2 protein chains.
Amino acid sequence: MVFQSRFPVFAVTADIVALTLRQGRLCVLLIRRSSSVFTGRWALPGGFVHVDESLEEAAYRELGEEAGLGADAVRLEQLRAYGDPGRDPRPERVVSIAWLALGADLPDPTPGTDADLAEWVPVGDALDRHLAFDHTQILRDGLERARAKLEYTTIATAFCEPTFTLPDLRRVYEAVWDTQLDPRNFQRKILGADGFVEETGEVIRGRGNPAKVYRAGPARTLHPPILRR
Amino acid sequence: MVFQSRFPVFAVTADIVALTLRQGRLCVLLIRRSSSVFTGRWALPGGFVHVDESLEEAAYRELGEEAGLGADAVRLEQLRAYGDPGRDPRPERVVSIAWLALGADLPDPTPGTDADLAEWVPVGDALDRHLAFDHTQILRDGLERARAKLEYTTIATAFCEPTFTLPDLRRVYEAVWDTQLDPRNFQRKILGADGFVEETGEVIRGRGNPAKVYRAGPARTLHPPILRR
DNA sequence: TGAATAGTGTCTCTTAGACAGTATCAC
DNA sequence: GTGATACTGTCTAAGAGACACTATTCA
């Protein structure tokens, strides 16, 4: 099939930096490419945007096709566009719209049509894997965006199940920022931020003292922010 | 001329939210369209990305072609991509990469090939003009990005000449945030932020007490940030 | 009963905000 | 001299960080 246009022709892809916590570690979803260029190399999941779908729909579709992740499992946010000539070795000019997808302890992925393997990789390891295209740079940008968003927004709850405890939420901050936080100061800040979390009234019993259960509140931004050191 | 591709075909445009201060007011560059769709409507400057130039080069080129602005006059930063089907009435699918361009008191623009008028418009007026395409939304996003960046980065200096006084810099914050700031507290914060500004050792004499002259320092981010109320 | 986990309060220091008067210069 | 502009410091309040012990539960 051949497509035509009156204007300079571009292909547009959606590439996704999907982040989740597994065993307390921040992990990114990588696929091993089994088709077209960069065969056998690790890459971010993604693919071509169809002409009749929105950029966001394409990102959701690729998450489903390449990793078996449902749209309800993640929160999507646009990162930026990458479009340098030569960033894709194919003769067509390819512009990638990169997305950040955040989810709670996501299931092991199911490889799709363009990948023979898909797995969650701790972000430190992923940065060492010499990803295909400019995906290492996209991953770096996505990580920095996620780290910054934890300061100014309530997006940390996207890494949690619908209900969670404050130690759960603290572990999100600790994993994404790769640091340790004081539990007392952390609780004071979270509970002092109007609308960040709401008590459900329940407690969860684990190995020690029962923990209060919360759900995400209506606030989307944090005033004042919770800053990294 | 007809272009062809193996992949779904997109056209890619660069649209620019160019902001500057004129007489102490935050203004955005608008053009009145004289070609193809939305003829006669006000819009952000922009145009199609060529197949052999980077997205950023296209933004600089369009600023030159449509408004006569040189690349050295502005600081460019990518905003995000806009690509909903139907955002452009032409049959081709058009994805726009939007950019923020910040500059010091920029000259009156020179209309280019696709515009019969180009002018700096106070942002409040621009938001009321029912811009072409989804440009009102892009403008809103650009303004919010600029306002947020003033908190966490040293980008305010992009609105200043190479050398400037602290009252100049304060007027940037006041115009972009549409608020009044206490000069004493402002100076304390700016001078307390390592690497934000450097003294040149000169003073500028105006109508009153001479003001110390500064230039932008090496810092690009602010720790801690200078927060809006 | 021992180990693991979560809950809670105070003190200190830093930062943020409110606030007024003096010095310089152009006209 | 008058008006305009820029410079400077203190006090108070709020927020951030450091810090230790108790309560509950499971094994």
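It should be emphasised that the depicted structure is a prediction, and the values quoted were computed from it without experimental measurement. Every heavy atom of this structure was used, including side-chain atoms; hydrogens, water molecules and symmetry mates were not.
The Arg184(A) side chain lies nearest to dA20(D) when the options are dA20(D), dC19(C), dG17(D).
Regarding Gln187(B), its CD atom lies at a distance of 16 Å from the P atom of dG17(C), rounded to whole Å. Rounded to whole Å, atom P of dT10(D) lies 14 Å from atom CG of Asn185(B). The CD1-P distance, from Ile190(B) to dG17(C), rounds to 12 Å in whole Å. The distance between atom CD of Glu199(A) and atom C1' of dG7(C), rounded to the nearest whole Å, is 12 Å. Taking atom CG of Leu222(B) as the reference point, atom P of dA16(C) lies 11 Å away to the nearest angstrom. Taking atom NE2 on His223(B) and atom P on dA16(D), their separation rounds to 16 Å, with Å as the unit. Residue Arg229(A) contributes atom CZ, which lies 11 Å from atom P of dT15(C) at whole-angstrom precision. Note: CG (Asp182(A)) to P (dG7(C)) measures 13 Å, nearest angstrom.
The side chain to side chain donor-acceptor pair (under 3.5 Å) contacts involving residues 156-168 of chain B comprise Arg75(B)-Thr157(B), Thr165(B)-Asp168(B), Asp168(B)-Arg171(B), where partners must be two or more places apart or lie in separate chains. Each side chain to side chain donor-acceptor pair (under 3.5 Å) pair with one or both residues in residues 206-217 of chain A, not counting sequence neighbours, appears once here: Glu198(A)-Arg215(A).
Applying the side chain to side chain contact (heavy atoms under 4.5 Å, CB included) test to Lys189(A) and every residue at least two apart in sequence or in another chain returns Ile226(A). Asp108(B) meets the side chain to side chain donor-acceptor pair (under 3.5 Å) test with Arg22(B); sequence neighbours excluded. For the ring-ring contact (aromatic ring centres under 6.0 Å, His included) test, residues two or more places apart in sequence or in another chain that qualify with Tyr173(B) are Trp177(B), Phe186(B). Residues satisfying the side chain to side chain donor-acceptor pair (under 3.5 Å) criterion with Arg32(B), sequence neighbours excluded, are Asp116(B). With sequence neighbours left out, the side chain to side chain donor-acceptor pair (under 3.5 Å) criterion links Asp84(A) to no other residue. Not counting sequence neighbours, Arg41(B) has no partner by the side chain to side chain donor-acceptor pair (under 3.5 Å) test. With sequence neighbours excluded, the residues that form a ring-ring contact (aromatic ring centres under 6.0 Å, His included) with Tyr152(B) are Tyr152(A).
Open room surrounds CD1 on Ile204(A); 12 or fewer heavy atoms of other groups in view lie less than 6.0 Å from it.
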Please write out each protein N/O paired with an N/O of nucleotides 11-15 of chain D under 3.5 Å, distance rounded to 0.1 Å.
none

Could you list all N or O pairs between the protein and nucleotides 24-27 of chain D that sit under 3.5 Å apart?
from, atom 1, to, atom 2, distance (Å)
dT24(D), O4', Asn209(A), OD1, 3.2
dT24(D), O2, Asn209(A), N, 2.9
dT25(D), OP1, Arg205(A), NH1, 2.2
dT25(D), O4', Gly208(A), O, 3.3
dT25(D), O2, Arg207(A), O, 2.8

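Salt-bridge check for Arg61(A) with Glu57(A): failed, with every basic side-chain N at 4.0 Å or more from each acidic carboxylate O.
DNA chain D is contacted by no residue of residues 153-173 of chain A, taking any non-hydrogen atom closer than 4.0 Å.
Applying the 4.0 Å criterion to OP1 and OP2 of dT8(D), one finds that Lys212(B) has a side-chain N or O inside that range.
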